[in-house]
Amino acid sequence: MSNPLRDPRDRRLPRVPDPCVLVVFGVTGDLARKKLIPAVYDLANRGLLPPGFVLLGFARRDWGDGDFESVAKEAARKGARTEFKDEVWQRLAEAIRFLPGSFDDDRAFDTLASTLTELDGTHGTQGNAAFYLSIPPSAFPIVLQQMERTGMADNSRSGGWRRVVVEKPFGHDLPSSQELNNLVDKVFTAHDVFRIDHYLGKETVQNMLALRFANELFEPIWNAHHIDSVQITMAEDVGIESRAAFYEQTGAARDVLQNHLLQLMALTAMEEPASFDAESLRIEKRKVLSAIKPPKDLAAYAVRGQYDQGWLAGQRVQAYRAEKDVAADSRTETFAAVRLEVESRRWAGVPFYLRTGKRLPRRVTEIAVLFRKAPHLPFAKTDTEELGSNQLVVRVQPDEGMTLRFGSKVPGSAMEVRDVAMDFLYGEAFTESSPEAYERLLLDVLLGDASLFPHNQEVEDSWRVIDPIEKWWAEQNDSGGEPELYRAGEWGPKGADDMLARDGRTWRRP
Amino acid sequence: VTTLWDTTGTAVVKALAAERRQAGSVSSGLALTLVVVVDEKNVADAEAAATRAAAQHPCRLLVVVRRRPDAPEPRLDAEVLIGGRLGPGEAVVMRMYGRLALHAESVVLPLLAPDAPVVTWWYGEPPNRIAHDPLGVFADRRITDCSLAADEIAALHRRAEDYAPGDTDLGWTRTTLWRALCASAFDSVQGPVTSARVGGAPGHVTRALLAGWLQRRLGVDVQVDDLEGTGLSVVEITAGDVTVSVTRGKGSGAQLTRTGQPDRTLPLPRRELGDLLAEELRRLDPDEVYAEALEAATGSSGLADRSAHRTHIWHDPVESDDPDPALTVT
C-alpha cells in the first residue's frame with residue numbers, strides 16, 4: 001500500500017529517500033573530501049536525508065569512528081554550500097561510521113557485511129545500501145569481487161536495495177569499458193549501477209531539455225533548415241594540477257570529450273523523449289549517440305594540441321611538458337577539437353564542433369547554436385555589414401543562463417543593423433543558489449532515479465566515436481607526429497582555427 | 001535610493017525607471033511582483049522577511065503602508081531602491097495618507113512588473129474579506145497569516161468562508177516540515193490507519209490545519225489534545241500494532257519514535273518569516289492540498305470549486321462599524 005500522506009499534488013513535501021547506508025570506498029581521497037561529504041551535509045541541512053541514514057567510510061587508515069567524524073566535519077565545514085550549523089552536524093555525526101581495511105583484506109569486507117546487517121537493526125536501514133566507489137579504476141575488480149564474495153551486492157539477500165556509484169573514467173576505450181561494464185553489471189544488476197557524470201547534474205543542462213521541449217519558440221527551428229552549425233566548448237584555465245599520472249594516460253579527448261561533451265551534444269541533438277523518465281531519456285540519447293559518426297577525414301577534422309609555456313591571468317605558467325611527473329617528450333593532448341555529424345534527417349549537413357582544452361584564457365562551458373543567415377535581406381549591403389548570424393548560447397558554467405543574439409536597428413536616421421544580445425541569467429529569475437551537481441546526483445542515487453546518469457550502452461556508444469580518433473592520433477605518434485603546441489592563455493592551437501576556416505566558419509569567443 | 005515626499009504615482013513610476021536605467025540590467029529576470037501590506041510599526045520586520053524571500057525569488061517588492069485614512073488631505077510618500085537595503089532587486093516603499101489609503105491600487109497598478117504574477121501578502125491581522133482590499137483583488141496569489149489574529153481559529157473560519165483558489169496562509173506553511181517528517185516516518189508502515197492524534201497549544205491555527213490534513217489524508221477522526229508550550233508539540237499515528245510519533249524536542253530537533261525501532265532525532269527548525277514567505281513564492285498555482293486541509297479543519301466544503309477571481313467590494317473602514325483589518329490604519 002502506498003503512503004496515504006504522500007500526494008503527488010502536494011509539492012511542498014520534499015522527496016526523501018528510504019532509510020539507507022551510504023558506503024564510501026576511498027573516503028580519504030580528494031573527491032570524497034571536497035565534494036561527497038559536503039554534499040551529504042548539504043542534503044542533511046536541507047532535510048533531504050531519511051530518518052535512518054548512515055554514512056560509512058572505508059579506507060586504509062588506522063581510524064576509529066571519531067577520527068573519521070572530525071575529518072568529515074572539517075570537510076563539510078570547508079566545502080558545504082549551505083550554512084554550517086553545529087546542531088545539524090551533531091545529528092549527522094551520530095550516524096557516521098568508519099571501517100579500516102585494504103581492498104584485499106577479506107576480514108575487513110566480512111566486517112563490512114556484518115556491519116551492514118547490524119545497522120539494519122540499530123538504525124532501521126532495512127537492508128538498503130549504496131556503495132560509492134571513489135577509488136582508481138584499477139581497484140574496481142578486487143572491490144567488486146569482495147562484494148560478490150560477501151553477497152553484499154545482492155538485492156534479495158539484503159532484503160532491500162543495493163546500488164553502486166561509479167565515477168568516470170568508464171574505461172579508456174571500447175573494449176576496456178565493455179570489460180568494466182560486464183564486471184559491474186555482473187555483480188550488481190544493470191539498473192542498480194549509477195555512473196556519475198557530474199555535468200549532467202547541473203541545472204542548465206537539465207534546463208536544455210526544458211528549453212527545447214517546454215517551449216513552442218525553439219523546437220520548430222531546431223533542425224538543419226535553420227541551424228547552420230553548433231559549437232560546444234568546455235575550456236579550463238587550470239593546467240593538470242596534481243593529476244599528471246592520470247592525465248598522461250588519458251588526455252583531453254578521453255577525459256572530457258568522450259563523456260561531458262558527447263553528453264551535451266546528445267542533449268542538444270536528441271529527439272523529444274516519450275516522457276521524462278530514465279528509460280525514455282536513455283532511448284532517445286542512445287538513438288542520437290549511435291547516429292553520431294566520427295569524422296571521415298581525420299587529418300582535417302580531429303585536431304589535438306598541447307599547451308606550451310605562456311602567461312595566463314597575469315601569471316607565468318609552465319609548459320605541459322615541464323609539469324611535474326610529465327615526460328619531457330610527452331605527446332598527450334591537452335586540447336582536442338573535432339567536427340562530428342549526426343546522421344539523421346533533422347541534422348543532415350549540420351556540423352557539430354566540439355572543443356576542450358586546458359590552460360585556455362578562462363573557465364567556461366557553453367553550447368552555442370548558430371543559425372543560418374536570413375535567406376533574403378531587403379536592405380542595402382552596407383546596412384547589414386555588422387550583422388552576424390543569430391545565436392542561441394546556453395551557458396553551462398559559469399553565469400549559468402542563456403544568451404540570444406539577433407540583429408537590431410542602430411538608432412539614427414540611417415538604416416543600419418547590428419547584433420545585440422538578450423541575456424537570461426539563471427540565478428536571477430530563480431533561487432540564488434541552485435544545488436551542487438553532486439548534491440543532486442547523490443540524492444537521485446538514494447532515490448533510485450537514474451534519469452541523469454549515463455547508461456552503460458551510452459558509454460559504449462561514446463567510445464565508438466572516440467576510438468577511431470584516438471587510433472588515428474596513435475598512428476600519427478608512431479610516424480613521428482605530435483600534438484600542435486599552443487601558448488598557455490590562448491584559445492587553442494592554430495590547427496583548430498584552420499579546421500573551421502576550412503568550412504568557412506570561425507570559433508565563437510566564449 | 002530616491003526619496004519622494006508628497007508625490008504622485010506618476011513620479012514614482014518615473015523614479016523607478018530612472019533607478020533601473022542607472023543600475024544597468026539588474027532586473028532582466030524578474031519572476032514576480034510581491035505586494036506587502038503592513039502597519040507602520042511592523043515595516044522593518046516585513047522588509048527583512050521580504051528581502052530574505054526576494055534573495056531566492058527575484059521580484060519587484062512593493063511595500064504599502066496605509067496611514068490615517070481620516071487625514072484631511074491625501075498624501076503619498078515613496079522611497080525607490082534598487083540593490084539597496086531591500087536586497088538585490090527593485091523595491092518601492094509607499095506610505096499613503098488620508099483617502100488615498102483606500103485607493104492604493106491607483107499607485108500600485110502601474111508599478112506591477114509586466115505580465116509577471118502578483119503575490120499580495122498581508123503582514124498583520126488577515127482581512128475579513130479579501131475583496132475589501134483592491135490590492136488582493138488583482139493578485140494571483142494571496143498570503144494571509146491567521147496566527148497574527150487575536151482569535152486564530154475564528155480567523156481561520158473566515159478564511160474558509162472567504163476562500164478562493166490561490167489563497168494561502170502562513171499557518172499552513174508552518175505545517176510543511178511537520179508534514180514532511182510525518183510522511184517519511186510513515187513511509188514504511190503498512191496497513192490501514194486506526195487512529196491519529198495531534199497535540200499542541202490550544203487555539204493554534206497550525207495545529208488545526210495539521211489535524212485537518214491528517215484527517216483528510218488518513219480518513220480517520222483526529223484527536224486534538226491541548227498541551228502546554230507554543231505551537232505544535234506532537235503527532236502520533238497508529239496503524240494496527242505500529243505507532244509512529246513525532247515529538248518536538250528542545251531546540252531545533254524532533255524525536256521520531258516507532259514501535260520496534262530505535263528512536264531518532266531529526267531536524268525540525270523553527271523557520272524565519274522570510275523562509276516561510278520564500279516557500280510560498282516557490283509555487284504560484286492554487287494549493288489544493290491546503291484547500292482540503294482547510295475544509296477538514298473548518299468543516300466546510302467545495303472550496304476548490306469556487307471561482308479564483310474576486311470582484312472588489314467597496315468598504316470604508318472609517319464609516320464601517322466593523323472595519324476590515326485589511327485596510328489597516330495606523
Side-chain angles (χ1 to χ4, degrees), chain A residues 1-19 43-54 83 85-95 119-126 128 160 401-403 421-434, chain B residues 25-32 54-58 88-89 172-173 175-177 179-193 213-214 216-219 237 239 246 251-253 256 258 260-269 278-280 282-283 285 287-290 292:
Chain A
M1 199 182 77
S2 62
N3 185 345
L5 297 181
R6 297 226 179 260
D7 177 351
R9 295 172 309 164
D10 193 349
R11 289 176 297 185
R12 292 176 192 246
L13 299 194
R15 294 193 304 170
V16 178
D18 306 326
L43 287 174
N45 198 11
R46 291 166 66 208
L48 296 178
L49 289 182
F53 174 83
V54 181
E83 190 192 342
K85 297 183 200 137
D86 268 320
E87 52 195 42
V88 175
W89 184 259
Q90 274 315 314
R91 271 189 297 274
L92 193 58
E94 290 169 16
L119 288 172
D120 289 346
T122 57
H123 285 72
T125 48
Q126 303 176 359
N128 301 326
M402 250 168 35
T403 302
M422 204 159 77
D423 222 21
F424 161 71
L425 251 179
Y426 208 63
E428 210 170 74
F430 299 103
T431 131
E432 63 177 14
S433 59
S434 35
Chain B
S25 59
V26 203
S27 50
S28 58
L30 281 181
L32 56 99
Q56 293 182 37
H57 306 275
W172 170 244
T173 323
T175 65
T176 302
L177 294 185
R179 297 191 302 120
L181 284 183
C182 292
S184 59
F186 204 67
D187 262 337
S188 51
V189 178
Q190 302 289 324
V193 174
W213 175 69
L214 286 171
R216 184 62 180 244
R217 298 304 309 170
L218 301 175
I237 306 169
V246 181
S252 65
L256 176 68
R258 195 192 144 166
Q261 276 186 12
D263 288 2
R264 312 212 49 80
T265 309
L266 290 169
L268 184 63
E279 181 184 317
E280 284 304 326
R282 199 162 300 138
R283 301 268 181 194
D285 53 333
D287 187 341
E288 295 121 326
V289 183
Y290 165 62
E292 290 178 0

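Order of the sequence lines sets the chain letters (A, B, ...), proteins ahead of strands, with each chain counted from 1. Note that this is a predicted model, so its numbers are computed, not measured.
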In plain terms, say whether A/Arg11 and B/Asp285 are close enough for a salt bridge, that is, a side-chain N and a carboxylate O under 4.0 Å apart. yes

Any Lys/Arg nitrogen of A/Arg12 or B/Glu280 sitting under 4.0 Å from an Asp/Glu carboxylate oxygen of the other? yes

So, does A/Asn3 use its side chain to make a donor-acceptor pair with the main chain of B/Ala183 at under 3.5 Å? yes

Based on non-hydrogen pairs under 4.5 Å, which of B/Asp287, B/Leu268, B/Ile237 is most in contact with chain A? B/Asp287

According to ring pair (Phe, Tyr, Trp, His ring centres under 6.0 Å), who are the partners of A/Phe53, at least two apart in sequence or on a separate chain? none

Find the distance between OH (B/Tyr290) and CG (A/Asp10) and round it off to the nearest 0.5 Å. 14.0 Å

Mind listing the closest non-hydrogen atom pair of B/Val289 and A/Asp7 along with its distance? CG2-OD2, 3.8 Å

Only one of A/Pro14, A/Pro51, A/Pro50 passes side-chain contact (heavy atoms from CB on, under 4.5 Å) with B/Ser184; say which it is. A/Pro51

Under 4.5 Å from any heavy atom of chain B, what part of A/Gln90 do you find: side chain, backbone, both or neither? neither

Atom group of B/Leu256 that falls short of 4.5 Å from chain A, counting heavy atoms: side chain

Under 4.5 Å from any heavy atom of chain A - which part of B/Arg283: side chain

Does B/Arg217 reach the main-chain N or O of A/Pro4 with its side chain, forming a donor-acceptor pair under 3.5 Å? yes

In Å and rounded to the nearest 0.5 Å, what is the CG to CG distance from B/Leu218 to A/Leu5? 5.0 Å

Listed by chain and number, what are the salt bridge (Lys or Arg N to Asp or Glu O under 4.0 Å) partners of A/Arg91, not counting sequence neighbours? none

Mind checking whether B/Glu292 and A/Arg9 have side chains closer than 4.5 Å, heavy atoms only? yes

